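Following: one structure in structure tokens, then a few remarks.
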Amino acid sequence: MNIFVINSGSSSIKYQLFKMPSTKPICSGLVERIGLEEGIITHKTFIGGEEKTFKYNLEIHDHEVGLKEVNALLIDKKNGVIENANEIKAVGHRIVHGGEAFTQPTVITPEVKEKLKQTFQLAPLHNPAGYRGIEVAEKIFKEARQIAVFDTAFHQTMPPEAYRFAIPNSYYADYNIRTYGFHGTSHKYVSHQAEVFLNKKGLKLISIHLGNGCSMAAVNDGKSIDTSMGFGPLSGLIMGTRSGDIDATVVFYLVDQLGYDIDQVSTLLNKRSGMLGLTGFSDMRDITKAMNEGDANAKLAYDMYAYRIKKFIGAYAAALNGLDAIIFTAGVGENDALVRELVCNNMECLGLEMDKDKNKIRSGETREINLPQSKVKILVVPTNEELEIVNQCFELLNA
């Protein structure tokens with residue numbers, strides 16, 4: 001069964017095509033700069049152990065033009081991987097926010113599309129783009145079943161004491177203001193991979209997703225019981241450009257005393273803060289370079305970044321009433337040995353003892369980087385959100 005996975009952004013489309021039940025994609029790609037003067041398409045095929053890459057520039061007016069170009073690559077007579085679009089039996093769409101309405105992967109119907117529109121206000125930057133991807137895919141892959149997979153769904157198992165805010169009940173009842181959490185597709189995938197790697201079920205895990213956006217999840221026996229991101233993706237950890245947790249009084253001060261309007265506050269906390277605000281850089285590689293050159297701000301930023309993660313590890317170990325393993329994943333979590341070392345340093349009280357030599361080894365495989373006597377496993381697990389999406393789609397279609 002051919003299943004096509006689409007991650008549609010405001011000006012981009014990421015995609016992979018799987019021939020299930022194989023978990024290796026037969027092609028993948030990225031459409032960038034949609035709506036700008038010169039777009040970019042990067043397309044890779046993986047056939048018979050051989051990888052081919054095609055990259056070219058063209059004007060891509062909108063998502064429909066971009067996806068039509070991708071379809072042409074898929075069915076190209078010389079380098080294509082399928083003969084026609086009807087060979088694709090399902091299209092899986094990553095949708096960032098499902099609200100409380102969507103807790104499982106869902107086949108898209110007209111009724112589902114109407115409910116999806118109601119989530120736009122919860123994720124105004126992401127959900128309209130995901131919805132646009134659905135509408136375009138319906139035109140091109142007419143025979144395929146369209147399926148939505150939601151980033152928030154994994155966290156719908158949280159208990160009320162974890163997801164409710166201490167504000168009047170009417171704000172939850174009338175406006176659904178609560179913690180939803182994000183990166184759920186990633187947290188679900190790496191938690192399952194940890195179970196497979198350790199060959200054990202019922203684990204108490206802390207998943208640490210560190211990229212430009214960062215979040216953590218407390219996972220008990222495969223279910224999320226708490227997560228660091230909240231109503232939106234701003235709260236919790238220090239991120240590339242987002243502040244993470246901040247005293248709400250700071251917002252009042254910015255507005256009342258410094259004359260900021262709400263858009264300026266939003267821009268400050270979402271786009272000009274985090275590691276960028278502390279160092280002038282949002283990429284951890286640039287910050288590492290600056291720190292190695294003696295930049296005190298870069299050193300402080302690294303310490304703050306790791307300290308915030310350590311606090312959540314302590315909180316989640318308490319919420320889980322124990323801990324079997326912590327998981328580092330995503331771009332920074334998988335590749336930045338210094339972050340992992342700073343996080344695990346002086347954490348013996350929770351049973352974490354890192355093997356610093358193993359920690360320095362670069363690998364694309366799931367691996368253990370703790371000392372043999374460590375009571376808690378320290379794992380690095382490469383995330384694969386597209387594979388998790390296709391697995392959920394395949395399970396749904398074969399249920």
Side-chain angles (χ1 to χ4, degrees), residues 182-183 186-187 189-191 193-194 205-218 227-229 233 235-245 273-317 323 325-371 374 376-383:
F182 299 91
H183 296 141
S186 176
H187 289 303
Y189 177 80
V190 300
S191 297
Q193 292 303 308
L205 304 169
I206 296 175
S207 172
I208 309 169
H209 178 109
L210 304 176
N212 190 50
C214 304
S215 69
M216 291 172 61
T227 190
S228 60
M229 283 183 171
S235 62
L237 304 180
I238 297 170
M239 308 180 214
T241 65
R242 299 180 190 130
S243 66
D245 283 348
S273 296
M275 299 302 273
L276 177 65
L278 292 168
T279 69
F281 304 106
S282 61
D283 191 306
M284 296 297 274
R285 291 167 294 190
D286 294 327
I287 301 166
T288 302
K289 182 174 182 291
M291 183 175 62
N292 290 337
E293 293 172 352
D295 188 320
N297 287 332
K299 174 65 168 64
L300 174 61
Y302 251 102
D303 289 340
M304 291 173 63
Y305 187 93
Y307 180 70
R308 186 74 59 87
I309 296 168
K310 289 164 79 94
K311 288 205 298 183
F312 272 94
I313 290 174
Y316 287 170
L323 187 59
I326 65 170
I327 305 164
F328 289 98
T329 192
V332 176
E334 294 169 30
N335 298 303
D336 196 318
L338 178 59
V339 163
R340 296 193 298 262
E341 182 177 339
L342 290 173
V343 168
C344 295
N345 191 35
N346 295 324
M347 293 283 273
E348 293 86 359
C349 64
L350 290 179
L352 292 162
E353 295 185 70
M354 171 177 279
D355 184 322
K356 293 184 180 180
D357 292 328
K358 286 184 179 179
N359 182 47
K360 293 174 183 176
I361 298 171
R362 298 290 292 263
S363 170
E365 303 296 323
T366 296
R367 58 200 187 276
E368 195 176 299
I369 58 171
N370 51 271
L371 291 168
S374 182
V376 174
K377 301 293 186 182
I378 305 171
L379 306 180
V380 180
V381 181
T383 192

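Note that the structure is predicted; figures quoted are calculated from it, not measured.
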Problem set entry | Residues His187 and Ser215: side-chain donor-acceptor under 3.5 angstrom | yes
Looking just at side-chain N and O atoms, do Asp336 and Tyr305 make a donor-acceptor pair shorter than 3.5 Å?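 On atom types as modelled, these side chains do not qualify, holding no pair under 3.5 Å.
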To the nearest 0.5 Å, what is the distance between [atom1] on [X] and [atom2] on [Y]?
| X | Y | atom1 | atom2 | answer |
| --- | --- | --- | --- | --- |
| Ile208 | Phe312 | CD1 | CZ | 11.5 Å |
| Arg308 | Asp245 | CZ | CG | 5.5 Å |
| Leu210 | Met216 | CG | CE | 8.0 Å |
| Tyr302 | Leu338 | OH | CG | 5.0 Å |
| Cys214 | His209 | SG | NE2 | 7.5 Å |
| Arg340 | Ile309 | CZ | CD1 | 11.5 Å |

For a quick test of reading the model, state the closest non-hydrogen atom pair linking [X] to [Y] and the distance between them.
| X | Y | result |
| --- | --- | --- |
| Asn359 | Ile369 | OD1-CD1, 3.4 Å |
| Thr241 | Asn212 | N-OD1, 4.2 Å |
| Met239 | Pro233 | CE-O, 3.3 Å |
| Pro382 | Gly364 | CG-O, 3.2 Å |
| Ser207 | Ser191 | CB-OG, 4.3 Å |
| Ser235 | Ser228 | OG-O, 3.2 Å |

Please lay out, stage by stage, how Ile287 and Leu278 fare under the test side-chain contact (heavy atoms from CB on, under 4.5 Å). CA-CA 10 Å; Ile287 301 166; Leu278 292 168; over 6 Å; no
As a quick check of understanding, evaluate side-chain contact (heavy atoms from CB on, under 4.5 Å) for Asn335 and Met284, giving each step before the final call. CA-CA 10 Å; Asn335 298 303; Met284 296 297 274; over 6 Å; no
message: Quick check against the 3.5 Å criterion: does Thr329 have a side-chain atom that pairs as donor or acceptor with the backbone of Val381?
response: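 Looks like yes, one N/O pair under 3.5 Å.
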Could you tell me if the side chain of [Y] sits less than 4.5 Å from the side chain of [X], heavy atoms only?
| X | Y | result |
| --- | --- | --- |
| Leu379 | Val190 | no |
| Phe328 | Ile378 | yes |
| Asn370 | Leu352 | no |
| Glu334 | Thr383 | yes |
| Phe182 | Thr227 | no |
| Leu350 | Val376 | no |

**Asked** Among pairs that include at least one residue of residues 345-367, which meet salt bridge (charged side-chain N to carboxylate O under 4.0 Å, His left out), considering only residues two or more places apart or in two chains?
**Response**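 Sorted pair list: Glu341-Lys356.
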Residue pairs meeting salt bridge (charged side-chain N to carboxylate O under 4.0 Å, His left out), one or both in residues 285-303, sequence neighbours left out, come to Asp283-Arg285, Lys289-Glu293, Lys299-Asp303
**Request:** Quick one: do Tyr316 and Leu323 satisfy side-chain contact (heavy atoms from CB on, under 4.5 Å)? Show the steps, please.
**Result:** CA-CA 9 Å; Tyr316 287 170; Leu323 187 59; over 6 Å; no
